[in-house]
Amino acid sequence: MNSYLWNLKFKNRMEYNFREIENKWRGFWAENKTFKVTEDQTKPKFYVLDMFPYPSGAGLHVGHPLGYIASDIYARYKRLQGFNVLHPMGYDSFGLPAEQYAIQTGQHPALTTEENIARYRDQLDKIGFSYDWDREVRTSSPEYYKWTQWIFKQLFDCYYDNKTNKAERISNLVSVFEANGNSEINACSDCETIFSAAEWEAFDERKKEEILQEYRLAYLADSWVNWCPALGTVLANDEVVNGVSERGGHPVEQKLMRQWSMRIKAYAERLITGLDTVDWTESIKDQQRNWIGKSVGCSLQFQIPNSKFRIEVFTTRPDTVYGVSFMVLAPEHPFVDQITTAEYAEAVANYKKEASLKSERDRQADVKNITGQFTGAYAIHPFSGEKVQIWIGDYVLASYGTGAVMAVPCGDQRDYDFAKHFNIEIINIFADVDISEAAYTEKDAVIANSDFLNGLDAKSAIKKAIEVIEAKGIGKGKTNYRLRDAVFSRQRYWGEPFPVYYKNELPYLVDDVNLPIELPEVDKYLPTEDGEPPLARAEKSAWNFSQGHRMEYNTMPGWAGSSWYFLRYMDPKNEQAFVSKEKADYWKQVDLYIGGSEHATGHLLYSRFWTKFLFDQGYIGFDEPFAKMINQGMILGRSSFVYRVKDTNKFVSNYMKDQFEVTALHADISLVDNDKLDIEGFKAWRSEFANAEFICEEDGSYICGNEVEKMSKSKYNVQTPDELVEKFGADTLRMYEMFLGPLEQSKPWDTKGINGVHNFLRKLWRLFNIDESGKANVSAEQPSKEALKTLHRTIKKMSDDLDRYSFNTGVSNFMICVNELSDQKCNNKHILQDVIIMLSPYAPHICEELWIKLGNKEGEINFATFPKFDEAMLVEANISYPISFNGKMRLKIELPTAFGPKEVEEAVLANADAQKYLDGNTPKKVIVVPGKIVNIVM
RNA sequence: GCGGAUGUGGUGAAAUUGGUAGACACGCCAGACUUAGGAUCUGGUGCCGAGAGGUGUGCGGGUUCGAGUCCCUCCAUCCGCACCA
């Protein structure tokens, strides 16, 4: 039967009506709660999570669902494999935009947030995600932030014990203080004073609390913070990029403020080693390692003659200690004024002033410019006993290490440059190394000129030096981290209130029974006249609970709620605990986490920190939150341009624009189809174009130019998923977003190919020969060998591709499969049913519909069994062997599959076509890879 | 400067352990059918060449019977870090 007759036979068939189908199944899933999950002990679990969105006023554009679609496909695939899949969604709904909007309009951020969430939900529902919406969480709801507050309380009530290497309760610490003081405590702490048990007992409540604050994992301290005047709040280090705020790009300055902080430093080592246990990209792991900035070395003290001061430095190269020819302190170092001699006092004061006027950003930008000032003071080299000059210089950072360095110009380029610039002696302590041009920073030279270190390589010299330093009691082996404690207060309204009140300005925790502390109503979302945060505006009666002299006025940062939300999904309604131990033990880690890579040093680090803490305290049984993570690439926009001839209202088509002097203007992409401008639409778009004239191509069309840019409203290149769902349906959108290319890669959005995917679904639909009554005309007979081969090849490729998260090749597999089945005129029920089971993760609506058309029960396709691959179905009697000569493929020869290498070789050499290429020569060698290829070497 | 990623037709891309480079799709060309549709179907389409053939995965080398894939050098683009002692 030719194709025309084939089409005629089913002339009256029903077309693929995606609108009707998708509406129907969206409703069905919601009504029947198809994707609701419980902790089913009889099934293995699988946890697939998306980074939850901040519900912004702009809604979703096509870039957002990319990751959601991939994770949904994976979740649905895992269900078909018999897993009990937790696949939830929620909203990170505290944050600045809603608050900024509130400041402008007076509208309560809760209302804006509510509206935005409704819009997001509507958009998400249209795409057909298989979320269990009964588990939705919102970080801004009191039922949720009650537990954020509760976790904060636990952090406040714990310290980090370096001996047990985990977080322990403050009450343990107090018992030790009462029994022995703090001399035997080895904890992560800012406490520098040593006290005895008797001294502890004698301290008053204020003093005791001050000391405890230096141990607590959540603590209040005066610290230098990134103050952003434009946003009226402090920012964490990861929220400051190149000296300006990440959001809005406002300037940031350093300010000393009393702030809540999180002692994340305590976990620095575990945050590094834990990276080896998770399957994330190297790039993200490197970013985290970099941010934590571990360096191993030792501390070392330098005496100052006739002075009580000793300058402590941190160095990673104690092996180069004999190369020290001067020292440099940060201008802010506390000893500077006290050691500076009278002769240099003025110069030092001037230098300090200059340095203080430079912002952090300027200091970084000014690396090339070497500055410094001699203090007139000297230190004694701890080994040689020689006097070395003490300088101050802003290349030494007050906030890293001890704020002082021993300068080794022969081994450190910065020290070298400094020494050259100020004509300070450079001692060479490397054997056979030339340092006349630059410092030698490699660690492969032999040490010389260094007394007891002579002849050693760097590695053993470092070890030896530390031993001697420790034996002399002038320092010890030490590991330093660049990671700073994270500031945890924000002077804003729209965030979690702290479960904290003050009595005589000492902080106390609110009892659990009084949680949550809800956000009080305020008259304005602005700071008070005297600069207190917005919450200070609240009347005492506006608080649902208050105690002491006042409540805490700061709120928590954005990352508080997002640091543990993946745990709440496991047990979202629990009123007794943030998550029950049983449920956490069932669901465990997130098995697959999909989201953007921009959270590398923020959310992804903080949630690892909190997870480790909650693990230490026994609330959960794992200490890494996300076992496997994939970072989806950004979807860029494709902007369209029209070209206006200068000083006119005439527009010239792309290919002729070079003949004129033109200005390129963005044209709204909804007015452009295949680069062809809808001229009437364009005239109507904006009044200034109403009378525009157009210089068109010969066929009368106006062709636009195009360019790839970030998607944004101002570039008129935003594609919302809604328009595409309307035009092509959700199944087409889902498949097309996957078809675009590998998930991790950034790519421009272009709808050019979307018809291809849409046509694929139509072609699939046609295979079922659905007549006007809506019945599929399929054969229930034994499928053909051909069809089985197509099916099983597809099964194999689909499971392989999904197992390696290759979603784009998955789409091609289906296209090949449907193309082949169409060619075979296959309408076999068994084959088609297995195909739609496999396809249902990608295109769930159409597959649900086809599933019932085959006479199955509604909704059951979601829990069907993924077809099993049978190798035997692919076995053929013959193989078409590619025959290459010297590695170049020349011809193919059909040979029996059963042939061994020898038989293949003989058959090939006997073949007439092959002999043509041999041209009478005897091959040097014949390589036969059975089932694959033959290579003849001439 | 350091670290990571990427580089394949006109376009998006595929090639999982070294084994037929360009699957699949878009676009384009030619054609069929027609109740004219964003429909369907057939054939073609890396480049050069009329053809035989040659050539081809950023550049240049190497290993191998055989390299997009492994090794070395270099180039380009993107991302992160960057006085961290």
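Residue numbers begin at 1 in each chain, while the letters A, B, ... track the order of the sequences.
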Is any side-chain nitrogen or oxygen of [X] closer than 4.0 Å to OP1 or OP2 of [N]?
| X | N | result |
| --- | --- | --- |
| A/S295 | B/A85 | yes |
| A/N808 | B/A14 | yes |
| A/Q745 | B/A13 | yes |
| A/R766 | B/C41 | yes |
| A/R482 | B/A82 | yes |
| A/N819 | B/A25 | yes |
| A/R804 | B/A15 | yes |
| A/N759 | B/U40 | yes |

At 4.0 Å (heavy atoms only), tell me whether [X] reaches a base, stays on the sugar-phosphate, or touches nothing.
| X | answer |
| --- | --- |
| A/P742 | sugar-phosphate |
| A/V937 | sugar-phosphate |
| A/Q287 | sugar-phosphate |
| A/R890 | sugar-phosphate |
| A/N935 | base |
| A/L740 | sugar-phosphate |

Mind calculating the distance between [atom1] ([X]) and [atom2] ([N]) to the nearest angstrom?
| X | N | atom1 | atom2 | value |
| --- | --- | --- | --- | --- |
| A/D319 | B/A85 | CG | P | 14 Å |
| A/L604 | B/G80 | CG | C1' | 14 Å |
| A/R289 | B/C2 | CZ | C1' | 15 Å |
| A/K888 | B/A67 | NZ | C1' | 12 Å |
| A/E737 | B/A25 | CD | P | 20 Å |
| A/I392 | B/C83 | CD1 | C1' | 16 Å |
| A/W749 | B/U11 | CH2 | P | 20 Å |
| A/E282 | B/C81 | CD | P | 17 Å |

Taking [M] as the reference, what is the distance to [N] when you measure between their [atom1] atoms (whole Å, please)?
| N | M | atom1 | answer |
| --- | --- | --- | --- |
| B/C48 | B/U57 | P | 16 Å |
| B/C59 | B/A23 | C1' | 28 Å |
| B/A82 | B/G66 | C1' | 44 Å |
| B/C70 | B/A32 | P | 49 Å |
| B/A14 | B/A25 | C1' | 11 Å |
| B/G46 | B/U63 | C1' | 28 Å |
| B/U69 | B/G62 | P | 14 Å |
| B/U64 | B/C74 | P | 24 Å |

CG of A/L743 to CD of A/Q632, rounded to nearest 0.5 Å, is 6.0 Å
Considering only [options], which nucleotide approaches the side chain of [X] most closely?
| X | options | result |
| --- | --- | --- |
| A/K727 | B/A85, B/U20, B/G38 | B/G38 |
| A/F739 | B/G12, B/C65, B/U20 | B/G12 |
| A/T316 | B/A25, B/A14, B/A85 | B/A85 |
| A/M815 | B/G19, B/G3, B/A25 | B/A25 |
| A/N755 | B/G38, B/A14, B/C84 | B/G38 |

Taking the side chain as C-beta and beyond, is there a heavy-atom pair between A/I426 and A/K420 under 4.5 Å? yes
TODO: Compare all side-chain heavy atoms of A/I754 with those of A/F728 and state whether any distance is below 4.5 angstrom.
DONE: yes
Determine whether a donor-acceptor pair (one donor, one acceptor, N or O, separation below 3.5 Å) exists between the side chain of A/N290 and the base of B/C81. no
### Message
Looking at the base of B/U20, is there any donor atom on it, or on the side chain of A/K892, that sits under 3.5 Å from an acceptor on the other one?
### Response
yes
In the strands shown, is [N] matched to any nucleotide by a Watson-Crick or G-U wobble pair with both distances under 3.5 Å, and which?
| N | result |
| --- | --- |
| B/C83 | none |
| B/A36 | none |
| B/G7 | B/C75 |
| B/G19 | B/C65 |
| B/A14 | none |
| B/G56 | none |
| B/G31 | B/C41 |

ring-ring contact (aromatic ring centres under 6.0 Å, His included) test vs A/F422 passes for just one of A/F326, A/W391, A/Y416, namely A/W391
Of A/Y77, A/Y736, A/F814, the one forming a ring-ring contact (aromatic ring centres under 6.0 Å, His included) with A/Y842 is A/F814
Relative to its sugar, using the 90° cut-off around 0, the base of B/G9 is syn
Salt-bridge criterion met for A/R19 and A/E726 (N-O under 4.0 Å): yes
A/R762 bridged to A/D731 by N-O distance under 4.0 Å | no
| request: Output, in order, the C-alpha distance, side-chain angles, deciding distance and verdict of side-chain hydrogen bond (donor to acceptor under 3.5 Å, both in side chains) for A/K925 and A/N935. | output: CA-CA 8 Å; A/K925 204 173 177 185; A/N935 190 19; over 6 Å; no
**OP:** Kindly determine whether A/D276 and A/R289 satisfy salt bridge (Lys or Arg N to Asp or Glu O under 4.0 Å), including the steps that lead there.
**Re:** CA-CA 11 Å; A/D276 296 334; A/R289 289 193 191 106; 3.7 Å; yes
Between A/S283 and A/D823, whichever has its closest RNA chain B nucleotide further toward 5' is A/S283
Nearest-nucleotide check on RNA chain B, A/K925 vs A/G403; residue mapping nearer the 5' end is A/K925
